[in-house]
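Below is one structure, written out as structure tokens; comments come after it.
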Amino acid sequence: MANVIIHHCPSLKLARERKTTITDYSLIKISKFLSCYAKNKRYFIYTHGCQANYRDSEIYKGIFEEIGFKPSNDISRANLILINTCAVRENAENKVFGEIGNLKYLKNKKDVTLVLAGCMAMEEVMVNELIKTFKHVDIILGTHDIAKFPDLLEEHLKTNKRVVEVNSGSGYIHERLPSVRDSSFKAFVNITYGCDKFCTYCIVPYTRGRERSRNPKDIINECRELVKQGYLEITLLGQNVDSYGKDLKKQYSFAKLLDEIAKLKIHRLSFLTSHPYDFSLDIIKVMKKHKNIQPYLHLPLQSGDDKVLKIMGRKYDSKKYLSIIKFARKEMPNLFISTDIIVGFPNESDVQFKNTLKMVKVAQYDGAFTFIYSKRSGTPAAKMVDKISNQTKVKRFKELTRLLNQIIEKNNQKYLNKTFEVLVDSVSKNNPKALTGRMHNNKMINFNGDKKYVGRLVKVKVTSTHIHYLIGEMVK
């Protein structure tokens, strides 16, 4: 440990504590030492996990380029490598450990600074393992410490020691950090950070901290600037967007914020993620009012059984959840609704699982993300004695997936032979003549076309369907 400088280590106890939110508008400062060091050097970033992580990586890029580093698409040419990690499931962490191990050869060949950031860094067990086992990781910093990166890099370079800076329970919002966005036509905009729900299976409140809402003026100004720059789509981000504003001195609802941003005339506006407990029916009314708000709602269910929901700490029941779905379907018949469902929560019975299947049949989802429960160290659910075998969980997972696929495939038929506006995302990785895009309701569609259409709006006629996407042909 003599070669490690530890400023702060993660603490699950501190992560639970509510801090006074402080908005920091100061600019980061880059020393001459760092500017000279970064000259003619390049960086590479691995990003894992959710949209919030991808937005963080855009800020890291901004900081790296402010220092003087240039981006590289070839990791072997990079002098600074950052792995932005996810901790939601065990397989995501195992993938990161594999990447770290593979990078050891590069460290032995050339002068490389290896940085690990993101949600894995916020876990006590993981940081201890990283310090002990992966000694070629030079800097470990948490989700609250992005603004400190220049100082941490300088400290590492001057002392030739590994540096650990992971603060838990931060109450800061940094407003003026530099950013290099991944796209020139689609943008993520944070409206909240952290989460206050503390669902018993979830590590997010510990890795992202307690909920903090940005000032509405800062959010609206950021969106207004994106519109001026020609962006076609904005996605508002938060672990729970529906609770936006509840922690502000002057409460400001998410429905009101959504309404104000829609008035900026962005071509497409969407949001992620909602929580049934805080969801207001006013949100549906605002969505119906503005044609530029995508008719897309991601509303996690997690379980269709009331007892399981209670043990999960979800704070709503199946009746409350279905009331939202029914109102939304009534007001917006063409609304695309997707969800998250966990299979095999500790001691879930056959009857409880069947209740989830019943809920799925009633809700008639257009899309779903399904997972087998993954134990997260430090969460209450991780302490539960689970008597359900993995074999049973896999069997249930397959049964749920079959049902969802049947429903989704049936719902897909309504798109056949109809033409929709599509925002082209990218060229297919497998076929250079194929393009991938999103329809007005976020539904994915693949079709043949020239790469010049990436970032543009085109008309596409649906010719066939797949469970996870549609297939079409461009209409000229």
Side-chain angles (χ1 to χ4, degrees), residues 15-25 49-59 86-88 118-119 122 142-147 167-177 179 187-199 202-224 226 234-262 264 269-280 282-283 286-287 293 296-300 313-316 340:
R16 293 191 68 95
E17 295 179 2
R18 162 63 68 188
K19 303 287 185 181
T20 301
T21 301
I22 299 172
T23 302
D24 184 357
Y25 292 95
C50 66
Q51 291 87 347
N53 265 22
Y54 279 88
R55 180 65 188 126
D56 283 351
S57 287
E58 291 178 337
I59 294 171
C86 174
V88 172
C119 293
M122 304 301 297
T143 58
H144 306 307
D145 304 297
I146 297 177
N167 278 284
S168 295
S170 173
Y172 278 88
I173 292 176
H174 297 278
E175 277 297 342
R176 298 180 68 186
L177 295 179
S179 173
F188 294 128
V189 173
N190 293 108
I191 67 169
T192 66
Y193 299 96
C195 182
D196 279 353
K197 288 295 176 282
F198 288 95
C199 299
C202 187
I203 195 69
V204 169
Y206 304 97
T207 60
R208 288 281 169 182
R210 298 298 294 266
E211 192 169 271
R212 293 142 3 248
S213 298
R214 291 179 65 194
N215 187 300
K217 289 183 179 179
D218 293 326
I219 299 169
I220 293 169
N221 286 339
E222 182 178 348
C223 291
R224 182 180 289 111
L226 289 167
I234 291 174
T235 301
L236 305 177
L237 294 182
Q239 302 299 331
N240 174 13
V241 293
D242 306 317
S243 61
Y244 171 80
K246 291 185 176 181
D247 59 323
L248 297 174
K249 290 181 179 179
K250 292 183 179 179
Q251 286 197 9
Y252 193 106
S253 73
F254 175 61
K256 183 178 179 182
L257 180 69
L258 190 65
D259 185 53
E260 290 299 317
I261 295 173
L264 299 176
L269 177 62
S270 61
F271 54 89
L272 290 169
T273 293
S274 288
H275 193 295
Y277 177 78
D278 293 300
F279 192 88
S280 165
D282 287 340
I283 296 170
V286 173
M287 293 174 70
I293 300 179
Y296 169 61
L297 176 63
H298 185 70
L299 194 68
R314 292 294 288 172
K315 300 179 181 179
Y316 58 85
D340 295 337

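Just so it is clear, the values below take in all heavy atoms, side chains as well, and ignore hydrogens, waters and symmetry mates.
Counting all heavy atoms, side chain and backbone alike, N53 lies closest to C119 at OD1-SG, 4.3 Å. Between V204 and V88, the shortest heavy-atom contact is CG2-CG2, 4.3 Å. Here the closest heavy-atom approach between residue L177 and residue A147 is recorded as CD2-CB, 3.8 Å. Across all non-hydrogen atoms, the minimal contact from A255 to D282 is CB-CB, 3.9 Å. Here the shortest heavy-atom pairing between P205 and C195 reads CB-O, 3.6 Å. Summarising the geometry of C223 relative to L264, their closest heavy-atom pair is CB-CD1, 3.7 Å, with the distance given to 0.1 Å.
Remark: side-chain polar atoms of T207 are not paired, donor with acceptor, to backbone N or O of M122 under 3.5 angstrom. Of the possible polar contacts, none joining the R212 side chain to the T20 backbone as a donor-acceptor pair under 3.5 Å is found. Remark: side-chain polar atoms of D145 are paired, donor with acceptor, to backbone N or O of N167 under 3.5 angstrom. S168 contributes no side-chain N or O that, together with a main-chain N or O of A15, makes up a donor-acceptor pair within less than 3.5 Å. In this structure, the side chain of D196 engages the main chain of E211 through a donor-acceptor pair within 3.5 Å.
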query = Does the pair D247 and R210 meet the rule for a salt bridge (charged side-chain N to carboxylate O under 4.0 Å, His left out), with working shown?
reply = CA-CA 10 Å; D247 59 323; R210 298 298 294 266; over 6 Å; no
request  = May I have the step-by-step check of side-chain contact (heavy atoms from CB on, under 4.5 Å) for D56 and I146, ending in yes or no?
outcome  = CA-CA 8 Å; D56 283 351; I146 297 177; 3.8 Å; yes
side-chain contact (heavy atoms from CB on, under 4.5 Å) between S274 and L297, worked out = CA-CA 8 Å; S274 288; L297 176 63; 3.8 Å; yes
message = Using the rule given for side-chain contact (heavy atoms from CB on, under 4.5 Å), can you reason through K217 versus I220, listing the C-alpha separation, both sets of side-chain angles and the distance that settles it, and then say yes or no?
response = CA-CA 5 Å; K217 289 183 179 179; I220 293 169; 5.9 Å; no
query = For T235 and S270, what are the C-alpha separation, side-chain angles and deciding distance, and is it a side-chain hydrogen bond (donor to acceptor under 3.5 Å, both in side chains)?
reply = CA-CA 5 Å; T235 301; S270 61; 3.0 Å; yes
task = Walk me through it: do D242 and S280 pass the test side-chain contact (heavy atoms from CB on, under 4.5 Å)?
result = CA-CA 7 Å; D242 306 317; S280 165; over 6 Å; no
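In this structure, the side chains of Y252 and I219 stay at 4.5 Å or more apart for every pair of heavy atoms. C50 places none of its side-chain heavy atoms less than 4.5 Å from the side chain of T273. With a 4.5 Å cut-off on side-chain heavy atoms, L269 and L258 count as touching. Contact annotation: the side chain of F188 never approaches that of L272 to less than 4.5 Å [non-hydrogen atoms, C-beta and beyond]. The shortest side-chain heavy-atom distance between Y244 and P216 falls under the 4.5 Å cut-off. Between F254 and D278, every side-chain heavy-atom pair lies at or beyond the 4.5 Å cut-off. Counting only heavy atoms from C-beta outward, the side chains of P300 and R314 approach each other to under 4.5 Å.
The CD1 atom of I173 lies 9.5 Å from the CG atom of N190; values are rounded to the nearest 0.5 Å. Atom CG of L257 sits about 11.0 Å away from atom CZ of F271, to the nearest 0.5 Å. Distance check, rounded to the nearest 0.5 Å: CD1 of I234 to CG of L226 gives 4.5 Å. Here the CG atom belonging to L248 is positioned 8.0 Å from the OG1 atom belonging to T21, to the nearest 0.5 angstrom. Taken to the nearest 0.5 Å, the CG atom of L237 stands 6.0 Å off from the CD atom of Q51.
Counting non-hydrogen atoms of neighbouring residues, nucleotides and ligands closer than 6.0 angstrom, the NZ atom of K246 exceeds 12 such neighbours.
Contacts of E222 classified as salt bridge (charged side-chain N to carboxylate O under 4.0 Å, His left out), with partners at least two apart in sequence or in another chain: R55, R181, R214.
For H275 and Y316, the distance between ring centers is under 6.0 angstrom. Ring pair F198/Y206: centre-to-centre distance below 6.0 Å.
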